[in-house]
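First comes the structure, then the notes that go with it.
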Amino acid sequence: MSAITLRHFLRKASFVLDVDTTIPATGITGVFGESGCGKTTLLRCIAGLERSGDDARVPVHKRRVGYVFQQPQLFAHLSVRRNIEYGQRRNPGATQSVEDVAQLLGIEALLDRSTDGLSGGEAQRVSIARVLCQSPQLILMDEPLSALDERRRNDVLPYLDRLHAESRLPIIYVSHNIGEICRLSDHLLILDNGRVVAEGGLQETLMRTDLPQLGGRNSGGVIEATPLDYDGEFDLTRFSFSGGAIRVPGRYDSPTVRLRVTANDVSLSRVAADSSTILNILPAVIEEMRAETDATELVKLALGEDRLLARITRQSSRRLGLQVGDSIFAQIKSVTVRR
Amino acid sequence: MSAITLRHFLRKASFVLDVDTTIPATGITGVFGESGCGKTTLLRCIAGLERSGDDARVPVHKRRVGYVFQQPQLFAHLSVRRNIEYGQRRNPGATQSVEDVAQLLGIEALLDRSTDGLSGGEAQRVSIARVLCQSPQLILMDEPLSALDERRRNDVLPYLDRLHAESRLPIIYVSHNIGEICRLSDHLLILDNGRVVAEGGLQETLMRTDLPQLGGRNSGGVIEATPLDYDGEFDLTRFSFSGGAIRVPGRYDSPTVRLRVTANDVSLSRVAADSSTILNILPAVIEEMRAETDATELVKLALGEDRLLARITRQSSRRLGLQVGDSIFAQIKSVTVRR
Amino acid sequence: MDFGPLWLSARLAFVTSLVLIVLGAPLAWWLSQTRSRWQPVVQAIVAMPIVLPPTVLGFYLLILLGPKGAIGAWWVELSGDALTFSFTGLVIASCVYSLPFAIQPLQNAFESLPRKTIEAAWTLGASRLDAFFSVAVPLSLRGFVSAIVLSFAHTLGEFGVVLMVGGNIPGETRVVSIAIYDHVETLNYAAAHQLSLVLIAFAFVALFGMFLINRRWQSK
Amino acid sequence: MDFGPLWLSARLAFVTSLVLIVLGAPLAWWLSQTRSRWQPVVQAIVAMPIVLPPTVLGFYLLILLGPKGAIGAWWVELSGDALTFSFTGLVIASCVYSLPFAIQPLQNAFESLPRKTIEAAWTLGASRLDAFFSVAVPLSLRGFVSAIVLSFAHTLGEFGVVLMVGGNIPGETRVVSIAIYDHVETLNYAAAHQLSLVLIAFAFVALFGMFLINRRWQSK
Amino acid sequence: ADDSLSVAVASNFHGTVTEIATGFTRATQIPVNLSSGSTGKLYAQIVNGAPYDIFLAADVARPKLLEAGGLAVSGSRVTYAVGALVLWSADVALSGEDCHEALMSGNYRRLAMANPKTAPYGLAARTFLQSVDAMEATSDRVVLGENISQTLHFVATGNATLGFVALSQLRSGLPVETACQWPVPASSHAALDQQGVILSRSAKPAAAHEFMAFLRGVEAAAILERSGYTVP
Ligand SMILES: Nc1ncnc2c1ncn2[C@@H]1O[C@H](COP(=O)(O)OP(=O)(O)OP(=O)(O)O)[C@@H](O)[C@H]1O
Ligand SMILES: Nc1ncnc2c1ncn2[C@@H]1O[C@H](COP(=O)(O)OP(=O)(O)OP(=O)(O)O)[C@@H](O)[C@H]1O
Ligand SMILES: [Mg+2]
Ligand SMILES: [Mg+2]
């Protein structure tokens, strides 16, 4: 696996961006960090919209870097199809068929419309299609979903999943929504005040408890799993992963999926109670415990090779007398499936 | 409690809005419905921006109806303070102090800035302050949070709670996010294709199982509760409600709160297991069961006078042999507190 | 050097731009907001004054504003004074002549205002008039600057109309453009060059200042 | 009636607006994008041509474009022909005279383009030039319409400059404005009225059509 | 247009010369192209290379300057017509009255005259006013036309009660009724000589000479007399 080098230095008033790192040349790298930490600035540097780094000489239009902005930035004077063709015509090697890309993003029916009447989610999908059709060597996405409300966000997310699954293109995906990042990225880069504070594979980096940036309601873990069988009677798919088997509503056929389990969805039990409606109860070992707030604790669990976080009240922890090293049962109430 | 009459008829191309109903003259009325059902059109009619209904003669500026748009629509040539004063100066009876309102919305520090550098959440709070300072007799909010990402949305929500708590102003709050509506509204109005399909108090309406509009991930129930005591050691507040007591992290002092429990956060158990970290386990009676998808069922539970929904897999339901009328235990993993 | 004509020109240009802004803004606003089928007709009519050669326009204005003309007769009745050969007459003529240069930029600016912003002003209790002044106008500053610049400069350089309607009366209607013209006609080239330079310098300083302020304002 | 001068005027106005759009658009683009300290200076300079009375401007252009003038001499050397008293000379003079009316609306339109849209074009592989033509220009249509209308109408009504540089030569430089002027001068009022009416009718139809198309386009 | 003669003519003489040129073309088969403008403008154009063969000015000064500067064929400068100044009114209030009387008694609102600086008729009018000591009395009521035709517009449109205009203008089919007119004595001002020259850069000196000769011939003289000029 080759790598992409990011080396950028830029001063803007009192803010300094100073990045020197590498990211994998395939898959999605999530860039995460709080507002004002320099995420957008970093992307602008990579695209050549700001002068920084060694490559300052290469003009923007020769970089073959696709940029999906927070707002779709469609060209109002062109039809949807013309918008998508815009980049294609300008990049000699761009051989993607507009129809194929449109199909990937579910916008075939819109191709001959004007950009006027598009809903936010449709417009953002068109802007992604436009970038794909320019055959970039790298795609930058700057919070492409944050201007969309939840429903329209859910319109777009599956297409990003599909894009990830069907293309080997490296994507740098900026977001401050850790859920989105967990769902989409393979690799994680955490920025703070213009500097890289953490960088690595998604699962390892997510489980680091020394990063205050990762706290909050959305913390949790992801598990790579493979479908085992499908129970048609109850519409449940059983997945196997290193820690056992887990059942999820719906049917999934892809060879491998990523399951996201937020810390809020995991409760712990001393016994494997089969008297409750909780579907997934798995043996686990407590690897680490850390006080989060006055009321809650984050518990890092080992399930085979995989790791999950559970958020429990300190009161419950005390009541059950939980200790690092204890073998307990993780009760998983709900799971989000990706891919 | 007096009431506000909404009587509007409007034809727009093939769309017809036909509303004739009343809503309470205090508290927040949530207007819920899918995209294109006419929510925005209804608000525009009420504000007088579209000609419809009996009051078509009253010009917009004489209606004393405050309108918070999806985008803040601040005036770029005025400072934050001037923006807020804009409505105040134009409505003789407006006696609210700008400082008080700014404090309510946490924007005191922004008052003398230009609107330029405001973040999305700050701008939306300013636009709400502007509407409050015009002392309207009715406030309309058209998805005021949907242009904000989750973090910025959470910046604004507490201020809306506070507004609701501290003012008797009637508010019509449009959203297609049922979570937001549950959190904020007292009263619910459901629109479909330009017509009112349901209307009533929040709790009763939420529990209606004949409304397909209410399905999905966000369904659940709300409970009115009063704080009972506070456990300083574990930072937990105990609330009492008709179905018993429930504990929630954090300290709450208000005389009454609303607890929202989504169907996903409730699991059911035949026994009150004390071996798990689930904090709240309450006796309940199954009142109704309805298949939701091929994999899941919605179960309506009676806890004293209150009602909650639980989403469970059909497989678990079968395994436990759940029946209407059964006495079981509701395990509540997490609770959102409002007010 | 006689600065009289320059001051007179400056005064005329100033008053004309002012009048044009005051009268042009509502017209431009109407043009930008209306959905009437007549809108393009009115828009085309507004552009007509510049289509006629200034002297010819001046000739028609001379008839119209003269004591026997429709407007002139009414004015004589009203004020006892003739409109032609007076500063007031010059202002009217200049306004007619420069109208399109004020309307076009204003209309463009108004058309690019978001409708929601205006609606927000209404719901906040501003009447249509109030919203126009307190929101539409200040947010269209760039259009106002353009309108002022174009009509100011155009009036400074105006000549044919002014000559016709003004009658070249020193101190009253002899503006600087006529003075320069006279110098050129009488082969007094040196004086013409000198006066032209002064006029250009004056106009440059006025416009430069305006652009500078506008730039500061925009980037703020 | 002799339609020669009318066609000549129409041709002149058409060519002039065309040249002004072609040359003015890049200049307006530069003015709208640059952060140079010289920007307001250049902007003020661009407005200068309208500050001078047309006849006086014509006088200076006559000198500059004449066979002894800087530009004229060079042109004679290049083409063997004089610039003054020719259609080409008229076009140059008209362009100078109407420059500000083309620049201002274009600059305003360019300034209100969102920067991000242009940046999007760059990242999609468009060079700066390409992005200008394929994105900035089509999105600034309203500004182009204004620029064309103002410079077209202004050239139709132009007179002082044209008379000076063109020399009132039938078929070559006698445009309709001069023809009307001649009729007025020789007290041939009836012919003047008639020709004025035809000119106004022509201009009205041209501008009305333009506004109508523009309206359709905008509302699409 | 190549074989035609190009004549630059002062605007006020444009109507008359059109008639003369028609006769000339009929007699010689040489077509004539007329370009009119103010004397000062035409002069500036000629100095800057305008392609005219003949220049018919409304004064003496400009032809003289051209001759002195070598731009006109020396010896070709001739007076082709002498104008006459008339005090004129189109104001119905003065119909049947005496214009001169009205001027002297101050019975008018505005008095129009051409700009003495730029137009010979203006200079003549001023000289006349000075000769009768009326400058002071009129000064605040005078409006100046840039040339003699603008002066006529002022009077014809009723904006000025009285005006000093050229006799030739009153003879050219005025669209308005004359209320009164009074010929200003030629002795009270310098002669209103109009001179013409053949330009040195003319490519058709022979035809130009022919035209100048025709201009001073009997046929032209009749036209000039009829148009309100005297023949020198
Ligand atoms: N033109 C500028 N002048 C001065 N400071 C700037 C400028 N542009 C950006 N900054 C500063 O640079 C820092 C990084 O900004 P940037 O937009 O990259 O943040 P971000 O991580 O994308 O934030 P967000 O999540 O809010 O989009 C901020 O502190 C900002 O104030
Ligand atoms: N100007 C118009 N011409 C034709 N149809 C219109 C017009 N404005 C609105 N509509 C139609 O009226 C219906 C209601 O629109 P409205 O904006 O009120 O929906 P909404 O409930 O607010 O939707 P959303 O959640 O997407 O904001 C839609 O079907 C829309 O297509
Ligand atoms: Mg950013
Ligand atoms: Mg809506």
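Residue numbers begin at 1 in each chain, while the letters A, B, ... track the order of the sequences.
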Return the minimal non-hydrogen interatomic distance between B:Gln315 and A:Leu236, and the atom names on each side.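 Closest heavy-atom pair between B:Gln315 and A:Leu236: CB-CD1, 3.6 Å.
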
Nearest non-hydrogen partners of A:Gly250 and B:Ala295, listed with the distance: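 Heavy atoms only, the tightest pair is N-CB, 4.4 Å.
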
Test item: B:Leu322 and A:Thr277 side chains (from C-beta on) under 4.5 Å apart, heavy atoms: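 Heavy-atom side-chain distance check passes, below 4.5 Å.
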
Is B:Ile278 close to chain A through its backbone or its side chain, or both, or neither, when contacts mean heavy atoms under 4.5 Å?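 When you check distances to chain A, atoms from both the backbone and side chain of B:Ile278 fall under 4.5 Å.
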
Is it the case that the side chain of A:Arg319 and the backbone of B:Leu279 share a donor-acceptor pair, with hydrogens and angles ignored and the cut-off at 3.5 Å?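 Answer holds: no.
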
side-chain contact (heavy atoms from CB on, under 4.5 Å) against A:Ser275, all qualifying residues, sequence neighbours excluded: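 So A:Ser275 forms a side-chain contact (heavy atoms from CB on, under 4.5 Å) with A:Ala273, B:Ser269, B:Arg270, B:Val271.
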
Listed partners of B:Asp142 passing side-chain contact (heavy atoms from CB on, under 4.5 Å), at least two apart: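 Expected list: B:Thr40, B:Leu43, B:Tyr67, B:Val174.
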
Heavy-atom contact with chain B under 4.5 Å, split by part of A:Leu320: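 For A:Leu320, the side chain is the part near chain B, not the backbone.
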
Proximal component of A:Leu268, with respect to chain B [non-hydrogen, under 4.5 Å]: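 It is both, since atoms from each part get that close.
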
Any chance you could measure B:Asn280, atom CG, to A:Thr313, atom OG1, to the nearest 0.5 Å?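 These two atoms lie 8.5 Å from each other.
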
Name the member of A:Glu233, A:Gln331, A:Arg314 that forms the most heavy-atom pairs with chain B at distances under 4.5 Å.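 Highest number of heavy-atom pairs under 4.5 Å: A:Arg314.
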
When A:Ser316, A:Ala310, A:Ser276 are compared by non-hydrogen pairs under 4.5 Å with chain B, the top option: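 Sorted descending by pairs with chain B, the first entry is A:Ser276.
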
Which one, B:Asp231, B:Asp274, B:Thr296, leads in non-hydrogen pairs under 4.5 Å with chain A?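 Maximum pair count with chain A is reached by B:Asp274.
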
